[in-house]
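Accompanying notes for the structure given below.
In what follows, residues are counted from 1 in the order of the sequence shown.
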Amino acid sequence: MVKSNILFISDNVDCIELFIHAIKDCGEKQNLYLSSSMAGGLKKAEEISADFVFIDNKLFKAEAIEALSTITSNIYIAFGTDKYRPKTLAYDALSTIDLSRSDANDILAEILNTVCLPCSQGADIEDGQHTLFDAEFLDLVIESVPNYLFVKDTQFRIVRANQTFLSLYPESYRDKVIGSTTIEDYDPEEAKEFLEKDREAFVSGYSETVERIQFPNGDSRILFTQKKKFTDEHDQDYILGIATDVTEREDLIKKLTKSNQDLERFAYSASHDLKSPLNAIKNLVSWIEEDYFDEFPDGAKENFRLIKSRSIRMATLLDDLLEYSRVQKCLEDEEWGYLDVVVDSVLSVIEQSDKFTVKVVGPRLKLPRVAFQIVAMNLIGNAIKHHHKGYGEITIWVEANPKGHQISFIDDGPGIPITYSKKIFEMFQTLQSRDVIEGSGMGLALAKKVLEYYEGNIVLNSTHQNGARFDLFWPTSNRKA
């Protein structure tokens, strides 16, 4: 089949993608041209002697049809995601095609086979016109990219660049950038180092790097640069480079890293420095209690009991704060373990767990051991500590799937009012007075932080009756860096 010259007039990326997808399976590869405006489309249609013209419904102008009709009678209105039908006036008979239809490629194939072209027509088209994008549209795309975009040949010369890239150079030098390597004056060793990632892209097809660059205009910025090799229609190799300015992101990461390190040091220091006098108070109270407790009046005995319980609470709070601040560091070195084994380990250290029946229902999962241990310790511990009977049943329901595991902790305790569904995951939050049930209010906040580290989540089930149910989503994919 002789190749047809097909022109698609559209400025909508989604519509263009639908058209290219629909036409690519229409048998012989066609000569496809794009234009982003009706004015440009009229000019392009004349240049290439278009055999078929498809017009995006949103760009349709009835007055342009007469001019197009002098070039070809095969004119169609193409509908993409927007089904708006323009007023075609005297041209109501124009054929239409819905690019979003599943059989759009079949319809296009039928349209393209309706005309038989002379064999010489395709041969008369200049080589430079055999391209997916016309110059106007390609310029539009390149200049619309907010990143620094450039193309280099095998001699590492810049042969194309957008204005964003050229703006990095002094205005007096910008005309010299195209056609140069921009490092002609570099020391040979410096030039070799500068071009290392270019060579890697030409050899392996792709390279990327994050580096701080001192630009000719005096700016110092951190760029994430990706370079990908491609071959043009003349079998010439090039690399396309796209550099994204990540200076603010990298500076923020550096600040956050330092802030986290300072926070960890502070938490450790505070925990250690505060626990020392706290332990001294506990010891003094114990000694006084041993020597004189029987001689105290009842009111003094109660006050001593409160001093001891409050000092224990303070010690627990300090330990929990330290664990919360260091949880991410604990999770960085992952060791995997079976869910049921971790649960058994947790039960062995939780007080009163022997009075509860704990069962795991579902497939046997393998999860990051330390992470799941932290979550299970707090959820099972809370269920036991807050149970209104002091005995009961806890079920861990597991559903595994490729994207992520659903794990539910279900107890038959007093339950949690739904009004507290978000508050309970905040730090230092407890539903009952600490004088009634000891606790730092850190457990669920810690569990939530662990799940967020793995890009999962934990919620209180709002529909569960006769107890509390916490639903966890634990992604199966690796945590993002």
Side-chain angles (χ1 to χ4, degrees), residues 2-24 26 28-100 104-105 107-144 160 162 233:
V2 178
K3 295 180 180 179
S4 305
N5 289 338
I6 302 171
L7 173 64
F8 185 38
I9 303 174
S10 176
D11 63 353
N12 184 288
V13 174
D14 292 333
C15 199
I16 292 170
E17 184 178 350
L18 285 172
F19 186 81
I20 294 174
H21 178 74
I23 205 170
K24 69 178 181 179
C26 291
E28 295 289 333
K29 184 177 180 182
Q30 310 297 325
N31 297 322
L32 176 61
Y33 302 85
L34 298 174
S35 182
S36 59
S37 67
M38 280 300 300
L42 285 170
K43 182 178 179 182
K44 177 58 67 176
E46 186 174 359
E47 287 177 0
I48 66 174
S49 298
D51 300 301
F52 297 88
V53 176
F54 295 85
I55 307 171
D56 186 334
N57 60 302
K58 297 191 73 174
L59 289 184
F60 178 84
K61 292 182 179 179
E63 57 268 25
I65 300 302
E66 185 173 349
L68 282 174
S69 298
T70 63
I71 302 170
T72 178
S73 60
N74 300 305
I75 304 172
Y76 301 84
I77 300 176
F79 293 89
T81 54
D82 190 334
K83 304 305 178 187
Y84 164 74
R85 183 175 294 276
K87 294 181 179 178
T88 56
L89 300 179
Y91 302 96
D92 288 328
L94 281 179
S95 299
T96 62
I97 179 170
D98 185 350
L99 298 176
S100 63
N105 56 335
I107 297 173
L108 270 172
E110 185 177 347
I111 292 172
L112 299 179
N113 287 327
T114 58
V115 176
C116 181
L117 299 175
C119 295
S120 60
Q121 185 169 340
D124 292 337
I125 301 174
E126 297 179 3
D127 288 341
Q129 292 177 324
H130 286 261
T131 178
L132 181 63
F133 300 114
D134 66 4
E136 179 188 5
F137 188 79
L138 188 59
D139 286 341
L140 176 67
V141 172
I142 290 175
E143 294 304 332
S144 298
R160 190 71 189 266
N162 63 359
E233 67 270 23

Which heavy atom of G41 sits nearest to which heavy atom of L7, and what is that distance?
O-CD2, 3.3 Å
Whether N57 side chain and I77 backbone form a donor-acceptor pair below 3.5 Å:
no
Who passes side-chain contact (heavy atoms from CB on, under 4.5 Å) against E143, sequence neighbours left out?
N162, Q163
Taking atom NZ of K61 and atom CD1 of I55, what is their separation to the nearest 0.5 Å?
11.0 Å
Taking all heavy atoms of L59 and all of S36, pick out the closest pair and write down the distance.
CD1-O, 3.8 Å
Please report the closest heavy-atom contact between G40 and S35, naming both atoms and the distance.
C-OG, 3.2 Å
Side-chain contact test, heavy atoms from C-beta onward, threshold under 4.5 Å: evaluate it for T72 versus F52 and give yes or no.
no
Kindly give the heavy-atom pair with the smallest separation between L99 and F8, and that separation in Å.
CD1-CZ, 4.2 Å
For the atom pair OG (S37) and NZ (K44), what is the distance rounded to the nearest 0.5 Å?
11.5 Å
Quick one, F60 and I9 - any side-chain contact, counting heavy atoms below 4.5 Å?
no
Heavy-atom closest pair (D51 atom, N74 atom, distance to 0.1 Å) is O-ND2, 3.1 Å
The reported gap from CD in E47 to CD1 in I71 (rounded to nearest 0.5 angstrom) is 10.0 Å
Kindly write out the residues that satisfy ring-ring contact (aromatic ring centres under 6.0 Å, His included) with F54, not counting sequence neighbours, or none if the list is empty.
F19, Y76
Mind checking what makes side-chain contact (heavy atoms from CB on, under 4.5 Å) contact with L42, not counting sequence neighbours?
A64, A67, L68
